[in-house]
2 protein chains.
Amino acid sequence: MLKHLSFTSSNKKMISQAEENYLKAIYKINEREGKSANTNAISAAMNTTAASVTDMLKRLADKDFIHYEKYKGVTLTTEGSRTATALVRKHRIWEVFLCDKLGYSWDECHDLAEQLEHIQSPDLIDRLDTFLGKPKFDPHGDPIPDRDGNYAKRQQVRLDEMLIGDRGVMVGVHEHSSAFLQHLDRVGLVLAVQVEVLEVFDFDKSVKIRLNGLQELLISNKVSENVFIKIA
Amino acid sequence: MLKHLSFTSSNKKMISQAEENYLKAIYKINEREGKSANTNAISAAMNTTAASVTDMLKRLADKDFIHYEKYKGVTLTTEGSRTATALVRKHRIWEVFLCDKLGYSWDECHDLAEQLEHIQSPDLIDRLDTFLGKPKFDPHGDPIPDRDGNYAKRQQVRLDEMLIGDRGVMVGVHEHSSAFLQHLDRVGLVLAVQVEVLEVFDFDKSVKIRLNGLQELLISNKVSENVFIKIA
DNA sequence: ATTTTTTTTTAGACAAGTCTAAAAATTGTT
DNA sequence: AACAATTTTTAGACTTGTCTAAAAAAAAAT
Ligand SMILES: [Mn+2]
Ligand SMILES: [Mn+2]
Ligand SMILES: [Mn+2]
Ligand SMILES: [Mn+2]
């Protein structure tokens, strides 16, 4: 297998789906933690053993995708970072396609995008991007990097950080699980909805909010700390 | 690798991309030759060695996708046939998407569809089918099987079998190479064009035809024997 | 009916990606 | 500083999918 992963006539490095997935995991850990990714964190993210991760880190270092020193954790090289960002771009554009064109909901599109992001093509994703109207954000509100890997960083706060009287618009989620997204659907806390904080209860950190100037809603801290709001 | 190919909680057999590709190759050989596919034919179609094919045939037989007896060639089981047809369905629907929605030409779409056909999803392809308006034929004129694997067999003749005065509409191609399809584009022999046979030259079996009642065109036998016409 | 040629299978090897169990290094705690 | 706990790496094994070289079987030719 993987015959197609050897070098082609061009000198562009071939990369397997497994390698791509590890790079993406490292990228996300680096972003989230703000520091180098250690072996256990990667194995947790990839659902593999630490031993498997060590094997893979050697391969990725050989191919110059990561900076790796034994026992020191890893960061991405420029090339590794470029590859990971391209993967995130593909993932999010496919998610837009699935939701906008095929009617999938925001809690369904992720798993399919995990497969589609590995399609190799010099320009498929750019054509798809054009077809979709060059969206800037995916169905979860996450920004879509452009071809150069740049994306707008939105200024946003977590709903649990808002004070009484604050107003804003929901622009994203931290947690991405199906269960959480379905719950948000059920209570009406979806992207682009207007949010105004009416009360904050110190006891359990729950908050009473008003949606679109209409219905009032009490939400738990577990929800509010996973919802991003752009303050008006 | 291939951790995701082990059994999931359901009892549905997991199948790798390599296995799918072999099944498709066997299916096409069975169809084209009208008999069991032998090892060399499969290795030629798959660009692998005969030894690799033998290895794979054992695996596919173990999984009950093919009927295999040493030295006797192989045919698909009901399950193998169902899988191969589903793959062809996915391939052709993706080709329609690439050409109709993303602007790829009929000589570009095949390679990308070779990747996209392996996306695993219970209903993605049906949603895509609906999104595209449930097309009956792909960009090469090949019929698209429905979910049950059935497709309309069109009654058609090769252009080189037509007689002087015969008229019809171009509905397909036998050869699918990029070079051939690009040539057809250049001379104007594309799907749905009207064709009338004006002269047949015995010497080299070339034919003079009229396209859409307008321009006349002389085409070689190498072209005419690869073009399918539905007689008016 | 032999002999020759072609096809197919076997034998043995390899890379990718995974695992478990054990060893080594690092970090935390008394 | 020494001991204990945690993290990471190594060692060895397994599966999938591929290869080359050699053996075996089938088909074709004499
Ligand atoms: Mn996602
Ligand atoms: Mn997303
Ligand atoms: Mn095709
Ligand atoms: Mn086609």
Side-chain angles (χ1 to χ4, degrees), chain A residues 1-8 13-26 29 33 35-75 83 114-115 118 120, chain B residues 1-8 13-26 29 33 35-75 83 114-115 118 120:
Chain A
M1 203 210 192
L2 302 186
K3 192 182 35 165
H4 60 291
L5 292 176
S6 52
F7 283 81
T8 56
K13 224 166 282 173
M14 274 294 169
I15 183 168
S16 70
Q17 297 200 183
E19 288 167 337
E20 286 190 328
N21 284 332
Y22 274 93
L23 287 182
K24 197 173 64 163
I26 293 165
I29 292 166
E33 316 283 336
K35 61 182 177 67
S36 71
N38 59 9
T39 304
N40 269 358
I42 298 169
S43 75
M46 295 293 299
N47 246 296
T48 54
T49 61
S52 301
V53 172
T54 301
D55 286 348
M56 179 58 88
L57 294 183
K58 287 176 191 161
R59 273 192 291 273
L60 291 175
D62 277 350
K63 293 189 176 183
D64 290 313
F65 286 118
I66 60 171
H67 300 292
Y68 173 51
E69 272 184 286
K70 274 186 186 181
Y71 297 99
K72 298 291 181 190
V74 292
T75 55
T83 305
E114 285 291 313
Q115 294 184 59
H118 298 293
Q120 305 281 352
Chain B
M1 203 209 190
L2 303 187
K3 194 182 33 163
H4 59 292
L5 293 175
S6 53
F7 283 81
T8 55
K13 224 167 282 173
M14 275 296 171
I15 184 168
S16 71
Q17 295 200 184
E19 288 168 337
E20 285 190 329
N21 285 331
Y22 273 93
L23 286 183
K24 196 172 65 164
I26 294 164
I29 293 166
E33 317 283 335
K35 61 184 175 68
S36 72
N38 58 10
T39 304
N40 269 358
I42 298 168
S43 74
M46 294 294 299
N47 247 297
T48 55
T49 62
S52 300
V53 173
T54 301
D55 286 348
M56 179 58 88
L57 295 184
K58 286 176 193 164
R59 273 193 290 274
L60 291 174
D62 276 351
K63 293 188 175 185
D64 290 315
F65 286 120
I66 60 171
H67 300 292
Y68 173 51
E69 272 184 285
K70 275 187 184 181
Y71 297 102
K72 297 292 182 188
V74 293
T75 54
T83 305
E114 285 291 314
Q115 294 184 60
H118 298 293
Q120 304 280 351

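Scope of the values below: all heavy atoms of this structure, side chains included, with no hydrogens, waters or symmetry mates. Proteins come first, then strands; the chains are lettered A, B, ... in the order of their sequence lines, and each starts at number 1.
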Judged by nearest nucleotide, the residue sitting upstream toward the 5' end of DNA chain C, Ala51(A) or Leu57(B), is Leu57(B)

Hits for side-chain hydrogen bond (donor to acceptor under 3.5 Å, both in side chains) against Ser52(A), two or more places apart or cross-chain, chain-then-number order -> Thr49(A)

Rounded to whole Å, CE of Met46(A) lies from P of dA16(C) at a distance of 17 Å

From the candidates dT18(D), dT9(C), dT8(D), the one with an atom nearest any side-chain atom of Ala50(B) is dT9(C)

Applying side chain to side chain contact (heavy atoms under 4.5 Å, CB included) to Ala45(B) and not counting sequence neighbours gives Ala25(B), Ile29(B)

Practice task
Check whether any side-chain nitrogen or oxygen of Asn40(A) sits under 4.0 Å from OP1 or OP2 of dT8(D), and answer yes or no.
Solution key: yes

Between CG of Asp55(A) and C1' of dG17(C) the distance, given in whole Å, is 8 Å

Here the distance between atom P of dA15(C) and atom NZ of Lys63(A), to the nearest Å, is 13 Å

Testing dT18(D), dT8(C), dT10(D) for proximity to the side chain of Thr54(A), the answer is dT10(D)

Quick note, Ala18(A) side chain, CB onward, closest among dG17(C), dG17(D), dT20(D) is dG17(C)

Among dT18(C), dT16(D), dT8(C), the one nearest any side-chain atom of Asn38(B) is dT8(C)

From CG of Leu23(B) across to C1' of dG17(D) the rounded distance in Å is 15 Å

Atom CD of Glu19(A) and atom P of dT18(C) are separated, to the nearest Å, by 10 Å

From OH of Tyr68(A) across to P of dT8(D) the rounded distance in Å is 10 Å

How is Ser52(A) classified with respect to the nucleic acid when contacts are heavy atoms under 4.0 Å: base, sugar-phosphate, or nothing? base

When rounded to whole Å, the CE to C1' distance for the pair Met56(B) and dC19(D) reads 14 Å

Contacts of Glu20(B) meeting side chain to side chain contact (heavy atoms under 4.5 Å, CB included) (sequence neighbours excluded), chain-then-number -> Ile15(B), Leu87(B), Lys90(B), His118(B), Gln120(B)

> Are Arg59(B) and dT16(D) close enough that a side-chain N or O sits under 4.0 Å from OP1 or OP2?
Replying inline: no

Here the distance between atom P of dT7(C) and atom CD1 of Ile42(B), to the nearest Å, is 14 Å

Protein heavy-atom contacts under 4.0 Å, written 5' to 3' over nucleotides 23-28 of chain D as B (base), S (sugar-phosphate only) or - (none), form the string --SS--

- For dG17(D), does OP1 or OP2 lie under 4.0 Å from any side-chain N or O of Thr48(B)? no

Sorted by chain and residue number, the side chain to side chain contact (heavy atoms under 4.5 Å, CB included) partners of Thr54(A) (sequence neighbours excluded) come out as Thr39(A), Lys58(A), Tyr68(A)

From the candidates dT10(C), dC19(D), dT18(C), the one with an atom nearest any side-chain atom of Thr49(B) is dC19(D)

Checking Val74(B), Thr75(B), Ile26(B), Ile66(B) against Ser36(B) for side-chain contact (heavy atoms from CB on, under 4.5 Å), the one that qualifies is Thr75(B)

Side chain to side chain contact (heavy atoms under 4.5 Å, CB included) filter on Ala44(A), not counting sequence neighbours, yields none

Rounded to the nearest 0.5 Å, the CZ atom of Phe65(A) sits from the NZ atom of Lys13(A) at a distance of 5.5 Å

*asked:* Does Gln115(B) form a side chain to side chain contact (heavy atoms under 4.5 Å, CB included) with Gln17(B)? I'd like the steps, not just the answer.
replied: CA-CA 9 Å; Gln115(B) 294 184 60; Gln17(B) 295 200 184; over 6 Å; no

